[in-house]
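Step one of this worksheet: look at the structure below.
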Amino acid sequence: MTADEGPASAADAVGDARSVSAQVSTTVPTGGTGDAPPAIELVGVAKEYMSRRGAVTAVETIDLRIAEGEFFSLLGPSGCGKTTTLRMIGGFEEPSRGQILLHGQDVTSVPPNKRDVNLVFQSYALFPHLDVAGNVAFGLKRKGVARGQVRRRVGEILDLVELGALADRRPRELSGGQQQRVALARALVNRPRALLLDEPLGALDLKLRQTMQIELKRIQREVGITFVYVTHDQSEALTMSDRIAVMNKGQIEQLASPRELYERPRTRFVAGFIGTSNVLRRSVRTVTTDGTGPIAILDAGADERVIVPVHSGLGGVVTGSVVELTVRPEKINMTAARPEGDVCVLRGRVTEVVYLGTNTTYTVFTAGGDEITVFWQNSADANDLAGRGDEVWLSWREDHSYALAPSGADPAAAEAPTEPVATAG
Amino acid sequence: MSAEPAATVAPAPGATGPRRGRRGARWRSPFTPYLLALPGGLWLAIFFVVPMLVMLSVSLQTGNVVDGFVQTFHFAVYPDAIRQYSDQFIRSFAYGGICTVLCVVLAYPMAYWIAFHGGRRRSTYLFLVLLPFFVSFVIRTVSWKFLLADDGVLLGNLKDIGLLPDDFRVLATSTAVIGGLTYNSFPFMLLPIYVALERMDPKLLEAADDLYAGRAAVFGRVVLPLSMPGVFAGVLLTFVPATSDYVNASILGGTSDTMIGNIIQTTFLTNADYPLASAISFILMVILLVGIFIYARVLGTRDVFEMGTR
Ligand SMILES: Nc1ncnc2c1ncn2[C@@H]1O[C@H](COP(=O)(O)OP(=O)(O)OP(=O)(O)O)[C@@H](O)[C@H]1O
Ligand SMILES: [Mg+2]
């Protein structure tokens, strides 16, 4: 669903960006390309914190371009530098190196109150001494917007987040979800050119979080501003984003659309972080070419066949070199007899069967010593495939094998959001 | 291609259900709150309410130490006391007020600096502020007397080198008394303000900054309103003791700087006029209570919050 729309909506977003910059004539595109500059651009940005025990690297080096109107997510495990990156865009931390540009203008050392972006804090940071309306009006009043207009705009935005009836409540008299919406309204009412959100749904329970995800997405579509969304929840990132940057240890491991990330994870880290995946580590027997391009035939037992397409993101793949390949559990077929045809085939024994309602998860120990997870849909005509201890054959299409690159920064991350992320198949 | 990315994704953890409200239920008997307040209540009853009543009764007695006192319900002692000592009453409130204002002006910036810029050394700085107060209150004030004596270490030397005229003096002036009061009240203003500032979520300041507030607006619209409860507490803790103080006036002040505390002291200890001393004490207490009550109503914590919305 969202994944299919990924590239298309990114292109739309850029179209919007052009029309916006046509109206806002103050924006001067840099680089002389004539194109609208990206809403947010990070060039070689790094951040080291000074602590008692010396410098702590929070962000290694990040190059990034986010298009106008895009829903962009920063996804990664705890401590990987997501908040730091967001805070640098917001102006709360100054980068140790590199440049930050908003709509083509260098804002690297501009304070937050002079940047046309607003941050929604993870803890909401609502002003306890002001009521809901006072909180929402805060930014407009500081900007010197006329009283009547402040009242009108606050009313409008409170209606948008469905909080009109609670305008005179204090933050402590609101539920978590309501506080979250106040925080959102307080930022949105200023009509910033980009909204930064730091795990805004982190404190909510699952059901409310899912409701708010849909709500956030709706609001983003309605107001059409760029959202930079920080989360460590992969399902949240996958369902909401146009593009996702997967971060690890202060670097972007992969920047791509949700579908791209899921189907072609660039590294083992991404493969493991997004969904469940099987990783096989095998040495290369031969490299040849088939109809679609170069392929590597990997070591396997008799009757077995493991093939992976070789793509440009990999280093030198030659006979004898070691390749890691990934295949998603739902792409694997499990049969009692050896399947025919041009597919990858492995032989194994079922060690675990977990029934999960709509599907069943099988754990298969292969002859080569790998543990493979298989998801099997429990559809109407499916009968129990195999039980524990049964010998089975696993098979999948060659093009569902995907070779992983060594961990590190994604070289494609710095490319413009208009261009498709370079991952040849 | 049936698999949706999201479909295989397990729901994220972290769904926190309601947790509170289990503990304490067992304890909740209707008497619990009273039981908790009982020790303190008894303490106050024995050492505050009873002496208060005794004092009230003493103030309405007549007589002298030699012949003894009799309960005569001589209410005239109250208007007499006010008339006789109106100067000292007014002076006490003026000194207490000036001292309180000075304390706010001096302590707020310092508390602000320690809370927001003290870093890891915050407790060290607080300790340094409190260090003089490990020395007895009286000793501290007496040492001021040595320091400020007309020919003491400070003024004597300054006069010798001709920086000050020979008849310049600080001791036995209202400046010395107010200075002493301010000095001695300082930590009682600083600590509550510091606590209010210190527990302020720094994210609130960032949020204000993010919402286009410059430094002045961050202070005026967020920091100040949120620290008002601390200022409120500090004013109470400073104004009441400073107004009824007698040590500073008796050690640092001259004859024209007498405060109402000194009058109570001499009436009680020197003149042994217990009814008059009790009456003055009562008047002072009632004025302070009424004043504090009005202050609390006008500037109470809730309303302090309201100010920020303007
Ligand atoms: N003020 C600071 N001083 C020193 N180190 C810091 C500071 N802030 C963050 N760090 C370190 O920088 C790294 C990145 O922190 P950051 O807050 O950006 O992580 P994050 O990806 O947002 O993690 P989480 O998902 O837990 O919020 C961490 O190792 C953290 O310990
Ligand atoms: Mg974070």
Side-chain angles (χ1 to χ4, degrees), chain A residues 1-3 52 87 90-92 111-115 117-119 121-131 133-134 138-143 170 183 186-187 190 202-207 209-210 231-236 238-239 258-259 261-263 274-276 328-331 375 377, chain B residues 1-20 119-121 196-197 199-232 300-310:
Chain A
M1 31 168 227
T2 333
R52 251 179 303 185
R87 287 173 60 81
F92 300 101
N113 60 57
K114 304 246 164 61
R115 289 194 192 193
V117 296
N118 284 115
L119 179 61
F121 291 83
Q122 173 164 19
S123 51
Y124 313 142
L126 299 177
F127 301 121
H129 59 298
L130 301 180
D131 60 14
F138 192 93
L140 293 179
K141 285 188 182 169
R142 301 291 86 72
K143 281 208 283 195
R170 289 285 163 79
R186 185 176 71 173
N190 305 298
L204 307 182
D205 64 44
L206 185 61
K207 209 170 147 70
R209 193 160 53 196
Q210 284 166 347
T231 179
H232 62 254
D233 179 344
Q234 41 136 351
S235 68
E236 192 166 288
L238 288 175
T239 47
R259 164 161 288 219
L261 275 183
Y262 186 79
E263 298 194 340
I274 311 267
T276 312
R328 292 289 179 187
E330 70 278 6
K331 310 283 189 196
F375 292 157
Q377 203 77 31
Chain B
M1 294 278 172
S2 63
E4 292 293 338
T8 55
V9 160
T16 47
R19 277 182 126 195
R20 256 179 252 176
R120 270 192 295 279
R121 298 238 164 77
L197 290 172
R199 64 170 192 198
M200 200 176 295
D201 183 358
K203 293 263 181 302
L204 292 177
L205 311 192
E206 288 186 347
D209 193 3
D210 188 52
L211 295 166
Y212 316 103
R215 280 163 155 268
V218 172
F219 180 76
R221 301 290 168 171
V222 178
V223 178
L224 191 59
L226 285 176
S227 63
M228 278 320 272
V231 177
F232 181 80
T301 337
R302 262 206 79 90
D303 302 312
V304 167
F305 278 154
E306 235 88 55
M307 285 196 333
T309 51
R310 292 290 91 201

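For clarity, every value in this text was computed on a predicted model and none was experimentally measured. First the proteins, then the strands, lettered A, B, ... as listed; each starts at 1.
The greatest number of non-hydrogen atom pairs below 4.5 Å with chain B, out of A:A125, A:A187, A:P329, is found for A:A125.
Atom-to-atom distance recorded for A:R142:CZ and B:L211:CG is 9.0 Å, nearest 0.5 angstrom. Atom CZ of A:R52 sits about 4.0 Å away from atom CZ of B:R120, to the nearest 0.5 Å. Note that CG of B:D210 and CZ of A:R87 are 10.0 Å apart. Values are rounded to the nearest 0.5 Å.
For A:Y124, there are no side-chain hydrogen bond (donor to acceptor under 3.5 Å, both in side chains) partners, not counting sequence neighbours. Evaluation of the side-chain hydrogen bond (donor to acceptor under 3.5 Å, both in side chains) rule for A:Q122 yields no partner, not counting sequence neighbours.
Both the backbone and the side chain of A:F127 come within less than 4.5 Å of a heavy atom of chain B. Of the two parts of A:L126, only the backbone, made up of N, CA, C and O, holds a non-hydrogen atom closer than 4.5 Å to a non-hydrogen atom of chain B.
No more than 12 heavy atoms of other residues, nucleotides or ligands sit less than 6.0 Å from atom NZ of A:K114.
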Evaluation steps, side chain to side chain contact (heavy atoms under 4.5 Å, CB included), between A:F121 and B:L204
CA-CA 9 Å; A:F121 291 83; B:L204 292 177; over 6 Å; no
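Of the residues A:N113, A:N190, A:N118, the one that meets the side chain to side chain donor-acceptor pair (under 3.5 Å) test with B:Y212 is A:N118.
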